[in-house]
Number of protein chains: 2
Amino acid sequence: MSRRSGILEFAVLGLLRESPMHGYELRKRLNTSLGVFRAFSYGTLYPCLKTLVASGWLIEEPAAGPSDAPAPLTGRRAKIVYRLTAEGKEHFEDLLSQTGPDAYEDEHFAARFAFFGQTSRDVRMRVLEGRRSRLEERLEKMRLSFARTRERLDDYTLELQRHGMESVEREVRWLNELIESERAGRDQRKPGPGDAAQQDTSGETGGLPRHRDSTRPDPSDDTAT
Amino acid sequence: MSRRSGILEFAVLGLLRESPMHGYELRKRLNTSLGVFRAFSYGTLYPCLKTLVASGWLIEEPAAGPSDAPAPLTGRRAKIVYRLTAEGKEHFEDLLSQTGPDAYEDEHFAARFAFFGQTSRDVRMRVLEGRRSRLEERLEKMRLSFARTRERLDDYTLELQRHGMESVEREVRWLNELIESERAGRDQRKPGPGDAAQQDTSGETGGLPRHRDSTRPDPSDDTAT
DNA sequence: AATTTCATGTAATTCGTTACATGATTCC
DNA sequence: GGAATCATGTAACGAATTACATGAAATT
């Protein structure tokens, strides 16, 4: 039960849905798919993979050598390829279409959004609207708090709060555009590489309603630096 | 050495610089001063206060009763008021004017910004410019990564990244305006209440360059809810 | 009298990172 | 043959949360 993260688990499932991969590659892909707002290290990823295997959502496969020699297992370190099971696929789709309260939090939402291509417009609409409600709640609280404390706080603190509110407002406008797009059903969408999923008409024009951290020194990965 | 947080420590020092307080009140103030982007629980705050005392930056004082009875210490739970020492004050000012690499990370920067009123324009300028550089670096990486992966990723993922970049760009514009303001010497502007600020054109007038999480169920506190 | 809010703390748990340990493969 | 990068893992630590434990003061 240790080492679960929700987001990591979800993203791993989503990436493996496209194609089987081993851990090292998975981490690189994670950091470009989610990388803008989230990064994970091996110390998190490998243990997480183990628990996903234990849950029956993944299976480990010995990697094929460059020549198709029969999986060199002994005497050298195994290179493990992870493949999504049918149960794993099902679980991922459950997660993707879930609309519990958590589904609309910043990172949860961003992670779901990154895999929107793998779900139906119906689900996308619900998630986008749920996210919007969450932000509007947040905004309401921020406005109240701002009104209550504006007298007592100095200008820089106030400015910080004002800008925070504007950021949230901006995200709400974004969501409005995305929702509009979904509703209009314009899809110019080219399916992702691995694609999968009947993602017929989907349409969307807007984008990410989150931006978040990426504060960390960026252990991202490939090229760069 | 356990239980330190940098940001929490810094903010506690900054708030106590204004006036002595006990832990309970401190937490409330924390969540309105920094609350937009950061919240702390008692489980973090109280142990942190202990280490600050151990470092000599705070001293504990028994609280005065409502009547000025001499500090009812025995037989009932002490209500501890924390007061900043001279060393603590000095340490806070050091922290505030420090320009190490950490100083420009999202939350660090926001925390410093919230206490900008307690430092010199000189320091403010350096921090704002440092922050801007950091964001420009970030942007550069994001653009590279975007260019490298745009072929392989599906539209929603791409949109997520695009919006992320726009958010950072927006923050940079904000910083530019703040820096302009500081340079012009209008730093005591009070855009808050009456002003309402720049509707559309002219963008925003100053403000927080971060907005961040506040995902948590908001243990904020007072009124609200 | 009961409930809420004030007030202080500790223990267990969660989520994650960095540093370490190990070794194969590929490029120069 | 040496460096970089691919590849997999573990141990120690860090930062913060939630749930628990306790109790006083104010409000209704």
Side-chain angles (χ1 to χ4, degrees), chain A residues 1-10 21-31 38-51 53 60 62-63 65-67 69 72-82 102 105 107-108 213 215-225, chain B residues 1-11 21-31 34 38-51 53 60 62-63 65-67 69 72-82 107-108 213 215-225:
Chain A
M1 251 336 135
S2 56
R3 304 296 178 181
R4 301 204 309 104
S5 132
I7 287 169
L8 177 57
E9 179 183 311
F10 174 78
M21 258 176 269
H22 52 252
Y24 190 85
E25 194 183 348
L26 208 38
R27 177 177 164 273
K28 282 200 304 181
R29 298 272 274 122
L30 273 172
N31 290 335
R38 200 66 157 95
F40 291 99
S41 62
Y42 297 127
T44 317
L45 176 59
Y46 284 116
C48 173
L49 285 169
K50 294 296 175 200
T51 73
V53 169
E60 301 182 344
S67 53
L73 243 302
T74 39
R76 49 148 75 181
R77 179 174 285 257
K79 183 166 150 185
I80 303 166
V81 169
Y82 292 90
D102 267 13
E105 300 309 328
E107 299 200 352
H108 265 86
D213 218 337
T215 281
R216 300 99 181 168
D218 195 0
S220 36
D221 62 292
D222 43 63
T223 41
T225 296
Chain B
M1 248 341 134
S2 56
R3 307 294 177 181
R4 302 206 309 102
S5 132
I7 288 168
L8 177 57
E9 180 183 310
F10 174 78
M21 258 175 268
H22 51 252
Y24 191 86
E25 193 182 348
L26 208 38
R27 177 177 164 273
K28 282 200 304 180
R29 296 271 275 123
L30 273 172
N31 290 335
L34 306 179
R38 202 65 157 94
F40 291 98
S41 61
Y42 297 128
T44 316
L45 176 59
Y46 284 116
C48 174
L49 285 169
K50 294 296 175 198
T51 72
V53 169
E60 301 181 344
S67 53
L73 244 302
T74 39
R76 49 146 79 184
R77 178 172 288 253
K79 182 166 150 183
I80 303 167
V81 168
Y82 291 90
E107 298 200 352
H108 264 86
D213 221 337
T215 280
R216 301 102 181 166
D218 196 358
S220 39
D221 63 292
D222 45 60
T223 41
T225 299

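Proteins come first, then strands; the chains are lettered A, B, ... in the order of their sequence lines, and each starts at number 1.
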Item to check | Distance test, side-chain N/O of A:Thr44 to OP1/OP2 of C:dT17, below 4.0 Å | outcome: yes
Checklist entry - When the distance from CE of A:Met21 to P of D:dT8 is rounded to whole Å, what number comes out? => result 12 Å
Item to check | Interatomic distance, A:Arg27 CZ vs C:dT18 C1' [rounded to whole Å] | outcome: 12 Å
Item to check | Bending between helix ends of the helix from C:dA1-D:dT28 to C:dC28-D:dG1 [5 pairs per end, 10° resolution] | outcome: 30°
Checklist entry - Is the phosphate of D:dA16, meaning OP1 or OP2, less than 4.0 Å from a side-chain N or O of B:Arg38? => result yes
Checklist entry - Could you state the CD1-P distance from B:Ile7 to D:dT17, rounded to the nearest angstrom? => result 12 Å
Checklist entry - From the list D:dT10, C:dG16, C:dG9, which nucleotide is the closest neighbour of the side chain of A:Pro47? => result D:dT10
Checklist entry - Roughly, in whole Å, what's the span from CD in B:Glu9 to C1' in D:dG14? => result 14 Å
Checklist entry - Under the salt bridge (Lys or Arg N to Asp or Glu O under 4.0 Å) test, which residues partner A:Glu60, sequence neighbours left out? => result A:Lys50
Checklist outcome for this item: note: B:Leu8, atom CG; D:dA15, atom P; distance rounded to Å ~ 11 Å
Report all interatomic pairs (protein N or O, nucleotide N or O of nucleotides 3-6 of chain D) with separations under 3.5 Å.
unit_1 : atom_1 : unit_2  : atom_2 : d
D:dC6  : OP2    : A:Tyr24 : OH     : 2.6

Checklist entry - Roughly, in whole Å, what's the span from OH in B:Tyr46 to P in D:dT17? => result 14 Å
Next on the checklist: Measuring to OP1 and OP2 of D:dA16, would you say a side-chain N or O of B:Ser41 lies under 4.0 angstrom away?
Outcome noted: no
Checklist entry - Rounded to the nearest 0.5 Å, how far does CZ of B:Phe40 lie from CG of B:Leu8? => result 4.5 Å
Checklist entry - What is the minimum heavy-atom distance between A:Ala39 and A:Asn31, and which atoms define it? => result CA-OD1, 3.3 Å
Checklist entry - Starting at CG of A:Leu45 and ending at C1' of D:dA7, how long is that distance when rounded to a whole Å? => result 12 Å
Next on the checklist: As an exercise, state the distance from CG of A:Leu26 to OH of A:Tyr82, rounded to the nearest 0.5 Å.
Outcome noted: 9.0 Å
Next on the checklist: Please report the interatomic distance CD1(A:Ile80) to CE(A:Met21), rounded to the nearest 0.5 Å.
Outcome noted: 15.5 Å
Next on the checklist: To the closest 0.5 Å, what do you measure between CG (B:Leu34) and CD1 (B:Ile7)?
Outcome noted: 8.0 Å
Checklist outcome for this item: Side-chain contact check for B:Ile80: nearest option of C:dG9, D:dT8, D:dT18 is C:dG9
Checklist entry - Which nucleotide in the set D:dG9, C:dG16, C:dT8 lies at the smallest distance from any side-chain heavy atom of A:Lys50? => result D:dG9
Item to check | Gap between atoms OH and C1', on A:Tyr42 and C:dC20 respectively (whole Å) | outcome: 15 Å
Item to check | Test side chain to side chain contact (heavy atoms under 4.5 Å, CB included) applied to B:Tyr24 - qualifying residues, sequence neighbours left out | outcome: B:His22, B:Tyr42, B:Tyr46
Next on the checklist: Nearest 0.5 Å, please: how far is CD in A:Glu9 from CG in A:Leu45?
Outcome noted: 12.5 Å
